[in-house]
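Here the structure is a predicted model, which is why all the values come from computation and not from measurement. Each ligand, and each atom within it, is numbered from 1 in the order the structure gives.
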Amino acid sequence: MDKLSKESKEYLIKREINEYEVVIGLEVHAQVLSESKLFSSSPTKFGSEPNTQVSLVDAAFPGMLPVINEFCIKQAIKTGIGLKAKINKKSVFDRKNYFYADLPQGYQISQYKNPIVGEGSVILDMPTGEKKVNIERLHLEQDAGKSIHDIDPQSTLVDLNRSGVALMEIVSRPDLRSLDEVNFYIKKLRSIMRYLGTCDGNMQEGSLRADVNVSVRKKGTKELGTRCEIKNVNSIKFMQMAIDYEANRQVDIIEKGGVIDQETRLFDTKKNETRSMRTKEDAHDYRYFPDPDLLPLELNDVFINDIKKTIPELPDEKKKRFIEKFKLSSYEANILVSDIETSKYFEEVSKNSDVKLATNWITGELFALLNEKNLEIIDSPISSNNLAKLISLIKNGTISGKLAKSIFEMMADGDKDPNKIVEEKGLKQQSDPKELEKIIDKVILENPQNVKSYKSGKDKLFGFFVGQVMKRSGGKANPQLVNEILKKKLN
Ligand code: ADP
Ligand code: MG
């Protein structure tokens, strides 16, 4: 029943587009960028040997007490401000009780009724225009340990390095309507948190994961359909595949007259399908209650205002400024602000050269180079300083755009200074009209037949003359000047 044949799946996708609408709400778990855990001073470094970052608190030894990490609180508040959300002056830590081998406390410390951050919103720059996604809340909680099933065939191993690591759970309203919107939403959240330095957004390392809630309904219906929640999906692509599968599964059930059971499901990345894990538990199953080891968290205005003062310019504001100050298109601005490092690089290059050329060279040649070498812009083989120099050389006519491309390639090998390359290889563009005239006169003198044909109307021959001049100059003649002078001489 869960598995659909390929044909029926394709058919369903078509049917869904026509008649059904998919409704998605995400619970994103973002690991707080912090050197120590939420309630202990253990380090949080990724990739350490198993069970080397575990204090007695993280292993839940009897009598150990949690001590709140002020830095993590600040990070959550920063993120809340970045989500244009209400910061709650009073919040409460609760125990969420359940048993699992990698949860030594027997409960997770989380926030239930009184989260640290309330309602906010995120703007998505969709190709079709802006879309607002409402945020329900952001709360702090501790991560559990990790169960490892694939090392020992006989038993499951437990690694408590993650136990107690601070997570921010960011819950969206069921406002997302397509796979594309999910993609834009996750990227925007990640971008905001990276600007703020509150989460590194590294999905491969599990710093950003989501529980994906999916329901379907007939288009035009007001009420929401029954949802299924797909747990712990750790890449955008898997989120999209899981939603696609899940939406089709639900439409299929409804079309056959069935009803959707509210379930918690798993996405099997190998089989590309979702599978039932358990019927959805309700909040009361967890026996939430305020953790008696922790006082309610009370924040005063001074504390919150001091944090507000540290908030940098965020992507939306930066985009606005780029459009106004640099006259960029909305499309260009989106590309340049989406990643904070890219925006810094762009500002450095354009400050010392030319905005238009900087935009084109960064989004064109540089992105292609980074892509090819699989590098982030922060590790770019060409520094912003040297790219600015290259652009200045184009701008002041020292080199042609075409030549600049080959110089760019040479620069990539060890961040070479383009001025030096031009000098060493004698690549300077010939822009002295007197010198060019000499070459042009020679070419005209040596080709009387072609001059005659050109003058009698064979316009196409103009290219021949340009070609000859370029050849004689070793490719260095300024093509624009050559055109101008040739036109004057031949007419
Ligand atoms: P729980 O904490 O039990 O998972 P919540 O009410 O907090 O439940 O909702 C969790 C997520 O489910 C939110 O992101 C919300 O937007 C989403 N959601 C709620 N109802 C639906 C629905 N009918 N379809 C899709 N998503 C939904
Ligand atoms: Mg949930």
Pro174 neighbourhood, listing ligand 1 atoms whose heavy-atom distance to it stays under 4.0 Å | 16 (O), 26 (N), 27 (C)

Who's closest to atom 22 (C) of ligand 1 heavy-atom-wise, of Ser172, Ala210, Ser215?
-> Ser215

Carboxylate-amine/guanidinium proximity below 4.0 Å for Glu313 and Lys318 = yes

Has ligand 1 got any nitrogen or oxygen that is less than 3.5 angstrom from a nitrogen or oxygen of Gly225?
-> yes

Between Phe322 and Phe346, does the ring centre distance come in under 6.0 Å?
-> yes

Side chain to side chain donor-acceptor pair (under 3.5 Å) partner of Ser147, the single match among Thr156, Asp159, Asp102 = Asp102

Would you mind listing which atoms of ligand 1 come within a distance below 4.0 Å of any non-hydrogen atom of Leu26?
-> 14 (O)

Taking only heavy atoms of Arg173, which atoms of ligand 1 are found under 4.0 Å from at least one of them?
-> 16 (O)

How close do Gln53 and Thr44 get, heavy atom to heavy atom, and via which atoms?
-> NE2-C, 3.6 Å

Answer yes or no: does an N/O atom from Leu224 fall short of 3.5 Å to an N/O atom of ligand 1?
-> no

So how far is it from Leu370 CG to Tyr345 OH, rounded to the nearest 0.5 Å?
-> 7.5 Å

Quick one: does Thr226 get an N or O within less than 3.5 Å of an N or O on ligand 1?
-> no

Applying salt bridge (Lys or Arg N to Asp or Glu O under 4.0 Å) between Glu119 and each of Arg137, Lys86, Arg173, report the one that passes.
-> Arg173

Option nearest atom 9 (O) of ligand 1 (shortest heavy-atom distance, choices Glu136, Arg227, Glu229) | Arg227

Rounded to the nearest 0.5 Å, what's the gap from CD on Glu273 to CZ on Phe267? Could you check?
-> 8.5 Å

Where ligand 1 meets Val171 - atom numbers and elements under 4.0 angstrom, heavy-atom basis = 13 (C), 14 (O)

